[in-house]
Undergrad: 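Here you go, one structure.
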Amino acid sequence: MAILVTGGAGYIGSHTVIELLNQGEEVIVIDNLKTGHKQAVAGGAFYEGNLRDTSFLERVFRENGIEAVIHFAASSLVGESVQQPLPYYENNLMASHNLVSTMLEHNVKKIVFSSTAATYGEPKQIPILEEDSTNPTSPYGETKLAMEKMFRWCDQAYGLKSVSLRYFNAAGAHPDGMIGEDHNPESHLIPIILQVALGQREAIGVFGDDYPTEDGTCIRDYIHVMDLANAHWLALKSLRENGASNVFNLGNGKGFSVKEVIETARNVTGHSIPEKISPRRAGDPALLIASSEKAQTALGWKPKYNDLRTIIETAWNWHKENPDGFLGKK
Ligand code: UFG
C-alpha cells in the first residue's frame, strides 16, 4: 500500500518524500507544479494535476492502493492571502474537501496534514501550546484552521483519523544539497538573506526594528525542513499504531530575531550581507515560539538540526550550489 503525498513537489513536501522513501515507503506524489518543482521529487510515482479536479483524484485512487495521505498541497503565503482571499478558500478548503471525499469513497481513513503556526494569530503567551486560542489574522491561517476542524468533524462522523502538524518557520535544505527552498517570488527571510550573499540582491530589508523585542526585530522559531519531514513520518506511524487524531506544534522552542539570523548568515557565508531597515510588514507578530513538547512526548520526535547555524549552513549549501534553484538543475 502506498502513501499519497499531495504537494509533494513543494518545499516541505519534497523533503518529506525523501524521508518516506528512506523509510522504505511506497510513495505516490500529486502536484500541479504551480509552485512545486518536478525535479524536487526524488522518487515514487508522479501525477501532475489539481485536487479540485475530482475525476483526476478519482483516477489516482483507482490506479493505486493508497493506505494514507500526507496533505501539503495548498496556497501558502500569508500576505497574498490577505490581498486575494478567494483563491485560498478554493485551493485550500475546496481542494481538501474533494480530497477527503475521495479518500472516504475509497475507504482511506488516515491523513497527516500540513498546518501552520498561522492558525494561532497573535499569541497570548510564549511558548505557544496546542490548546492556546486560535485566532488567525489571515485567510491563509483561517483556511488551514478550517481544514483542521473539517478533519476533526470527519473523524466524529466517518472515522477519518488526522494528525495536523502546525509548523513554525520551516528553513534549511536537505543536507546532501540535492533539494532545497525555491519559491518564485521568494518572500522568506533566510533564502532572501542568502540571495544577498550570492550577489543576487543588494541588501536585506529588515521589516521593522521597533518591535518590543531586545533588538527591535521580530523573533521566530526556525525549524529544519528535514526535522519537519521526519515528524510527518512519525505522525503516520502514530496513525498506524494508535489511530488517534491529534494536533502538534513543530518548532525548536528557541527564538531568533531577524538581526540574529542575518548575523549568523554573515558568519556562515563570510559575506557582509548589507541590511536596510524597512517599514513593518502588515500582520507580522513580534514573537512566535513553539512549545513542541507534545510532539516530542507523543510522537517521540526529536529535532536533529536544532541550532540556527546548522540550519543556515544546509540552506547555504543548497543556494550556493544552485543559485538559480531548480531552473538551473538538469
Ligand atoms: N523578514 C524580513 N525581511 C524579509 C523577509 C522577512 O525582515 O525580506 C522578517 C519577517 O518580518 C518575519 C521574519 O523575517 O519577522 C520571518 O519571515 P518569513 O517571511 O520568513 O516567515 P513568516 O514568519 O512570515 O512566515 C512563516 C511561514 C508561514 C506561516 C507563518 C506563521 O512561512 O507559512 O510563519 O506566522 F504562516
Side-chain angles (χ1 to χ4, degrees), residues 5-20 31 35-37 40 70-81 92 112-120 128 138 140-141 144 163-175 177-195 218-235 247-256 258 261 264-265 284-285 288-290 292 295 301-319 325-326:
V5 182
T6 75
Y11 172 43
I12 305 169
S14 59
H15 286 78
T16 301
V17 167
I18 292 190
E19 172 74 6
L20 293 171
D31 203 293
T35 53
H37 308 275
I70 304 186
H71 181 32
F72 293 99
S75 295
S76 62
L77 294 175
V78 176
E80 181 188 72
S81 78
N92 296 356
V112 178
F113 175 55
S114 160
S115 191
T116 168
T119 52
Y120 293 108
I128 301 172
S138 69
Y140 169 63
K144 287 275 177 174
V163 174
S164 294
L165 300 174
R166 294 178 177 162
Y167 326 141
F168 282 64
N169 286 61
H174 192 280
M178 293 146 48
I179 58 171
E181 194 165 6
D182 179 6
H183 301 111
N184 190 12
E186 188 53 76
S187 66
H188 295 97
L189 180 65
I190 292 175
I192 293 183
I193 291 174
L194 297 180
Q195 287 173 351
C218 288
I219 291 177
R220 292 289 179 275
D221 182 340
Y222 295 88
I223 179 77
H224 196 275
V225 65
M226 285 311 295
D227 285 325
L228 293 181
N230 178 245
H232 290 76
W233 153 251
L234 293 171
V247 48
F248 298 106
N249 287 340
L250 299 178
N252 268 315
K254 281 181 286 197
F256 293 94
V258 172
V261 175
T264 308
D284 273 344
L288 289 176
I289 299 174
S292 301
W301 181 61
K302 205 171 173 334
K304 265 172 45 188
Y305 303 89
N306 54 6
D307 74 277
L308 184 64
R309 190 183 166 96
T310 315
I311 292 175
I312 295 180
E313 273 168 358
T314 62
W316 178 231
N317 186 30
W318 155 256
H319 285 282
F326 289 100

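Residue indices begin at 1 and follow the sequence shown. Computed from a prediction, not measured in an experiment: that's the story for all the values here.
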Undergrad: Could you give the distance from CD (Glu313) to OG1 (Thr264), rounded to the nearest 0.5 Å?
TA: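 It comes to 10.5 Å.
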
Undergrad: Does Tyr11 use its side chain to pair, donor to acceptor, with the backbone of Ala173 at less than 3.5 Å?
TA: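 Not at all, since once roles are kept as given, no pair shorter than 3.5 Å links the two residues.
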
Undergrad: So, does Asp221 use its side chain to make a donor-acceptor pair with the main chain of Gly251 at under 3.5 Å?
TA: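 Checking the backbone N and O of Gly251 against the side chain of Asp221, no donor-acceptor pair under 3.5 Å is found.
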
Undergrad: Is the closest side-chain heavy-atom distance between Leu20 and Ile70 below 4.5 Å?
TA: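 Yes - at least one pair of side-chain heavy atoms lies under 4.5 Å apart.
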
Undergrad: Would you confirm whether Lys254, through its side chain, and Asn306, through its main-chain N or O, come within 3.5 Å as a donor-acceptor pair?
TA: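 Such a contact is found between Lys254 side chain and Asn306 backbone.
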
Undergrad: Do Pro285 and Arg220 come within less than 4.5 Å of each other through their side chains, counting heavy atoms only?
TA: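 Sidechains of Arg220 and Pro285: in contact.
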
Undergrad: Would you say Val5 and Thr16 make side-chain contact, with heavy atoms under 4.5 Å?
TA: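 No, every pair of side-chain atoms sits at 4.5 Å or beyond.
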
Undergrad: Is it the case that the side chain of Thr6 and the backbone of Phe72 share a donor-acceptor pair, with hydrogens and angles ignored and the cut-off at 3.5 Å?
TA: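 Looks like yes, one N/O pair under 3.5 Å.
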
Undergrad: Heavy-atom distance under 4.5 Å between the side chains of Pro191 and His319, does that happen here?
TA: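 Yes. Closest side-chain heavy atoms under 4.5 Å.
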
Undergrad: Hey, does His174 have a side-chain heavy atom less than 4.5 Å from the side chain of Thr314?
TA: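 A side-chain contact is absent here, since even the closest heavy-atom pair is not under 4.5 Å.
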
Undergrad: Could you work out, with ring pair (Phe, Tyr, Trp, His ring centres under 6.0 Å) as the rule, every residue matching His224, not counting sequence neighbours?
TA: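 Scan of His224 (ring pair (Phe, Tyr, Trp, His ring centres under 6.0 Å), adjacent residues dropped) gives Tyr305.
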
Undergrad: From Phe256 CZ over to Leu308 CG, what is the distance, rounded to the nearest 0.5 angstrom?
TA: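 Rounded to the nearest 0.5 Å, the CZ-CG separation comes to 5.0 Å.
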
Undergrad: How far does CG of Asn249 sit from CG of Leu288, to the nearest 0.5 angstrom?
TA: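 Reported value, rounded in 0.5 Å steps: 10.5 Å.
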
Undergrad: Could you pull out the closest heavy-atom pair between Leu194 and Ala265, with the gap in Å?
TA: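 The pair with the smallest heavy-atom distance is CD2-CB, 4.5 Å.
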
Undergrad: Donor-acceptor pair, Ser164 side chain versus Phe113 backbone, under 3.5 Å?
TA: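 No; judged by distance alone, with no hydrogens or angles, the pair does not exist.
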
Undergrad: For the side chain of Trp301 and the backbone of Ala235, is there at least one donor-acceptor N/O pair under 3.5 Å apart?
TA: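 A pair under 3.5 Å: no.
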
Undergrad: Looking at Asn92 and Lys144, would you say the former's side chain and the latter's main chain have a donor-acceptor pair under 3.5 Å?
TA: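 A pair under 3.5 Å: no.
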
Undergrad: Would you say the side-chain atoms of Ser138 pair up with the backbone N or O of Gly141, donor to acceptor, closer than 3.5 Å?
TA: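 Yes, the answer is positive, given that a donor and an acceptor are paired below the 3.5 Å cut-off.
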
Undergrad: When rounded to the nearest 0.5 angstrom, what is the spacing between CD1 in Ile12 and CG in Leu228?
TA: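 That separation rounds to 5.5 Å.
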
Undergrad: Do the ring centers of His232 and Tyr167 come within less than 6.0 Å of each other?
TA: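 When the ring centroids of His232 and Tyr167 are compared, they turn out to be within the sub-6.0 Å range.
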
Undergrad: Rounded to the nearest 0.5 Å, what's the gap from OG on Ser14 to CD on Glu181? Could you check?
TA: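 If we round to the nearest 0.5 Å, Ser14:OG and Glu181:CD are 10.0 Å apart.
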
Undergrad: Side-chain contact test, heavy atoms from C-beta onward, threshold under 4.5 Å: evaluate it for Tyr222 versus Asn252 and give yes or no.
TA: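 They are not in contact (no side-chain heavy atoms under 4.5 Å apart), so the answer is no.
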
Undergrad: Are Thr35 and His183 close enough that some pair of their side-chain heavy atoms sits under 4.5 Å apart?
TA: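 Answer no - side chains too far apart.
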
Undergrad: Would you say Tyr140 and Ser76 make side-chain contact, with heavy atoms under 4.5 Å?
TA: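 Yes, close enough: below the 4.5 Å cut-off.
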
Undergrad: What are the two closest heavy atoms between Thr116 and Thr119, and how far apart are they?
TA: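 That would be O-OG1, 2.8 Å.
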
